[in-house]
Participant: 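Attaching a single structure in structure tokens format; questions to follow.
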Amino acid sequence: MATFSQSTIDKGSDIIQDFLCSTCEDKKLDNTADFYCESCVKFFCGNCIDLHSQLFTKQDTFSRKHMKKWPVTKKVEDFLLKCDVHKDENLKMFCDEHSELCCTNCAFLNHRHCPKVTLISDIVKIQSTDLKKLSVSIQTILEEMRKLQGNQEASLKYMQNSFDEQLQKIHETRRKINAALDTIEQKTLNEMKDTLTKLQASCKDDVDKSISLQDELKQLRDAIQDISDKSKLELSFIATSKCKDKTQHCETFLKKNSLQAKVSVTFQPNSEIVQYLSKLSGLGTIEHSTKTLMVQDNPNKVITVQGKYVHNVKILSDSNKCNISAICVLPEGQVLVIDNWNYTIKLLDQQHQVVSHCSVTKRPLYMCQITPSELAVTLGSGSEVQFITVNNRKLVTGRKLQLHHACVGIACHQDDLYITDQTALYKYTLSGKQVSKMYEDKSGSHTVMTCAVSPTGDKLYITNISHDKVLTLARDGSVLATFTDPALIAPRLHVTPAGQVLVCGSLSHTIIQVDHEGRTKLAILATKEDGVVSPQPVCYNRHTASIIVGLYDNNSILVFKVQ
């Protein structure tokens, strides 16, 4: 039986076939075999094969170019032959009733009453197998499983992002409640302070009056003592009269205030507030919605245009004519457009009216979705990416990424960020760390412009304006397909949530649909006759079943109803 190198086994889930030189292995050396001798049933490395060829000139040997002549590795044989239930037993029989392979133990324990349990050695004499067809079938299923995995991973990411966003809403609700309670508390404190001030003012008046009366009585007392031995009859009469008057005044004041109780300030809580809050089960309701996985979508389903609408997106603060360079539809249905000439990102409602906008420091070019409420915008004349969040129908600018090259096209899939610089495509993390330069073409000045990624992340699409091409790349950046068409000049592209590829020719005034492999034109969706004049971005909105088209040097967007 053939031997194999342990260093090449069990990498991931694949079984990697490799063999060791039989001669070297006897010397306890692990040298990879390059030849196999069918007569000797042995393997030889590049050095040992020379000696073997000298000794056995008539024996045929097979190099790695003819590995079909080599035997199956023990690893592969064990993988196929061993029973999944009884690991030490080989599969020897097949139960026709249950369509199950079984070892002798399985046959005795589970299939002894079955009418037809046949030896595998007998079955293969009358039944052939098509391994090539089986391999293609497995590859097809693996591709579908990878797509499903990609969708589920995207779903996990989307789920976490939606949770984080709703968590912010909960915190914001709590802040609003706290602010309302703070306001109520402050009003109550102010009312209590006003009450205290009024009470203190009244009491202070009494204190001041008491002090004033005491001072006057003391002066009269001192004056009486001064004249008592001096026989001043007129002064004595006046002093007596004043003393009598002041004494009556003081007695009246004392009588008025003798029953005055101690005054205190009290607070009686509004029990209804506490009772209401204690009855609540939470700050709000928690819900969830389920969306169909994209694996069920057909990326090659042809879109049919049914009607057209024109919407003006110019606002009062615009100093220039609108030039819509990018459009993005977030998962919750918010539509955002980049007004390139006015340095503005605009948020549109369901009727495509501008409800909010924010300005950026440099000319915005393209954008992509990062989370359900966050997008990234490339800024021209520099190497920056600006993050913007949609919060309660308001656009809020956030962090920036500063890169070492120009930033033009941008796309995102899960935690991978793809950015072009006109001649190259780069892969980044969301934190701004460069992973790799995936693709480069220096045959022109605008060979790598806009970019998009398939819903499952297995394909990337880039536009080459210099040569009017659309390229489809694999995950590693290798070119899978190149698409050109006479109706496509200065292409821009968009990939729908179902994986459909839409391409517009900015100078050919055309919007076409290409198959998801990026090889064939499926349909012409709109032309100049439909009002498509110098189209810039094109974007599909699944919430309204429409295609939105931005126009060059035009204050309007076109909205095509589609099916």
Side-chain angles (χ1 to χ4, degrees), residues 1-94 100-108 118-125 127-143 145-146 149 435-438 474-478:
M1 190 67 68
T3 58
F4 49 91
S5 170
Q6 288 293 331
S7 63
T8 59
I9 296 172
D10 293 332
K11 293 184 178 179
S13 62
D14 297 325
I15 299 175
I16 309 298
Q17 297 188 42
D18 212 343
F19 302 84
L20 296 178
C21 173
S22 303
T23 304
C24 293
E25 191 177 19
D26 292 339
K27 301 175 184 177
K28 297 186 178 179
L29 298 175
D30 293 338
N31 289 331
T32 303
D34 297 312
F35 297 90
Y36 171 69
C37 177
E38 196 172 36
S39 301
C40 298
V41 195
K42 288 187 177 182
F43 299 89
F44 301 94
C45 63
N47 294 326
C48 295
I49 192 62
D50 293 335
L51 181 59
H52 174 273
S53 298
Q54 293 175 15
L55 295 174
F56 306 99
T57 57
K58 294 184 179 181
Q59 290 185 3
D60 293 329
T61 58
F62 302 98
S63 68
R64 287 186 173 269
K65 292 182 180 179
H66 305 91
M67 286 194 72
K68 290 183 178 180
K69 300 286 187 178
W70 291 29
V72 177
T73 65
K74 184 177 185 302
K75 183 71 175 181
V76 173
E77 279 197 352
D78 287 345
F79 172 73
L80 294 174
L81 286 176
K82 293 301 180 184
C83 176
D84 293 336
V85 179
H86 306 97
K87 304 297 182 181
D88 296 331
E89 296 290 328
N90 286 346
L91 298 168
K92 294 183 179 180
M93 286 165 273
F94 182 78
E100 286 184 8
L101 294 164
C102 46
C103 65
T104 51
N105 287 343
C106 290
F108 176 76
T118 312
L119 288 172
I120 295 175
S121 57
D122 292 337
I123 295 176
V124 297
K125 294 176 182 178
Q127 183 175 323
S128 61
T129 54
D130 188 346
L131 295 180
K132 185 175 291 186
K133 183 178 179 181
L134 186 62
S135 178
V136 171
S137 176
I138 290 175
Q139 190 60 37
T140 301
I141 294 174
L142 283 174
E143 184 64 26
M145 293 298 292
R146 276 193 290 268
Q149 178 186 343
V435 179
S436 64
K437 179 189 287 188
M438 298 185 64
R475 292 178 192 266
D476 60 0
S478 59

Participant: Please examine the side chains of His86 and Asn105, heavy atoms only from C-beta on, and report whether any two atoms are closer than 4.5 Å.
Facilitator: yes
Participant: Would a 4.5 Å heavy-atom cut-off, applied to side chains only, mark Cys21 and Lys42 as touching?
Facilitator: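 No, their side chains stay 4.5 Å or more apart.
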Participant: Could you check if a side-chain atom of Cys103 sits within less than 4.5 angstrom of a side-chain atom of Lys92, using non-hydrogen atoms only?
Facilitator: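 They are not in contact (no side-chain heavy atoms under 4.5 Å apart), so the answer is no.
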Participant: For Val136, is there any backbone N or O sitting under 3.5 Å from a side-chain donor or acceptor partner on Thr140?
Facilitator: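 Pair found, side chain donor or acceptor close to backbone of Val136.
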Participant: Look only at the side chain of Lys87 and the backbone of Asp84, and say whether a donor-acceptor pair between them is shorter than 3.5 Å.
Facilitator: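 Here the side-chain-to-backbone pair exists.
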Participant: Looking at Gln59 and Ser39, what are the two nearest heavy atoms and their distance?
Facilitator: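 Scanning both residues completely, I find the closest heavy atoms to be CD-CB, 3.6 Å.
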Participant: When rounded to the nearest 0.5 angstrom, what is the spacing between CD1 in Ile120 and CG in Leu81?
Facilitator: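 Going from the CD1 atom of Ile120 to the CG atom of Leu81 covers 8.0 Å.
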Participant: Below 4.5 Å, heavy atoms only, C-beta onward: do Thr61 and Ile49 meet side chain to side chain?
Facilitator: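 Contact flag for Thr61/Ile49 side chains = yes.
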Participant: Determine whether Met93 and Thr118 make a side-chain contact, defined as any pair of heavy atoms from C-beta on separated by less than 4.5 Å.
Facilitator: no
Participant: Output the distance between atom CD (Glu77) and atom CG (Asn90), rounded to the nearest 0.5 Å.
Facilitator: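 It is 9.0 Å, given to the nearest 0.5 Å.
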Participant: Taking the six-membered ring for Trp, are Phe43 and Tyr36 parallel (under 30°), tilted (30 to 60°) or perpendicular (over 60°)?
Facilitator: tilted
Participant: In terms of heavy-atom contacts, does CZ of Phe108 have more than 12 from other residues, nucleotides or ligands at under 6.0 Å?
Facilitator: no
Participant: What is the distance from atom NE2 of His52 to atom CZ of Phe35, rounded to the nearest 0.5 Å?
Facilitator: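 So the gap between those two atoms works out to 11.5 Å.
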Participant: Considering residues, nucleotides and ligands other than Asp88, do more than 12 of their heavy atoms fall under 6.0 Å from its CG?
Facilitator: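 Count not over threshold, so no.
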Participant: Taking side chain as C-beta onward, heavy atoms only, is Asp476 less than 4.5 Å from Met438?
Facilitator: no
Participant: Can you tell me how far the CG atom of Asn31 sits from the CG atom of Leu20, to the nearest 0.5 Å?
Facilitator: 8.0 Å
Participant: Could you walk me through whether Arg64 and Thr32 pass side-chain contact (heavy atoms from CB on, under 4.5 Å), step by step?
Facilitator: CA-CA 11 Å; Arg64 287 186 173 269; Thr32 303; 3.0 Å; yes
Participant: So, does Arg146 use its side chain to make a donor-acceptor pair with the main chain of Ile141 at under 3.5 Å?
Facilitator: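 Looks like no, no N/O pair under 3.5 Å.
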Participant: Counting N and O atoms only, with roles assigned by atom type, does the side chain of Trp70 sit under 3.5 Å from a partner on the main chain of Phe19, one being a donor and the other an acceptor?
Facilitator: no
Participant: Measure the spacing between SG of Cys102 and CG of Leu91 and express it to the nearest 0.5 Å.
Facilitator: 7.5 Å
Participant: Are Ile123 and Phe94 packed together at the side-chain level, in the sense that at least one heavy-atom pair is separated by less than 4.5 angstrom?
Facilitator: yes
Participant: To the closest 0.5 Å, what do you measure between CZ (Phe44) and OG (Ser22)?
Facilitator: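 Nearest 0.5 Å value for the CZ-OG distance: 6.0 Å.
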Participant: Does any non-hydrogen side-chain atom of Asn47 lie less than 4.5 Å from one of Thr23?
Facilitator: no
Participant: Does CD in Glu38 sit with more than 12 non-hydrogen atoms of other residues, nucleotides or ligands closer than 6.0 Å?
Facilitator: no
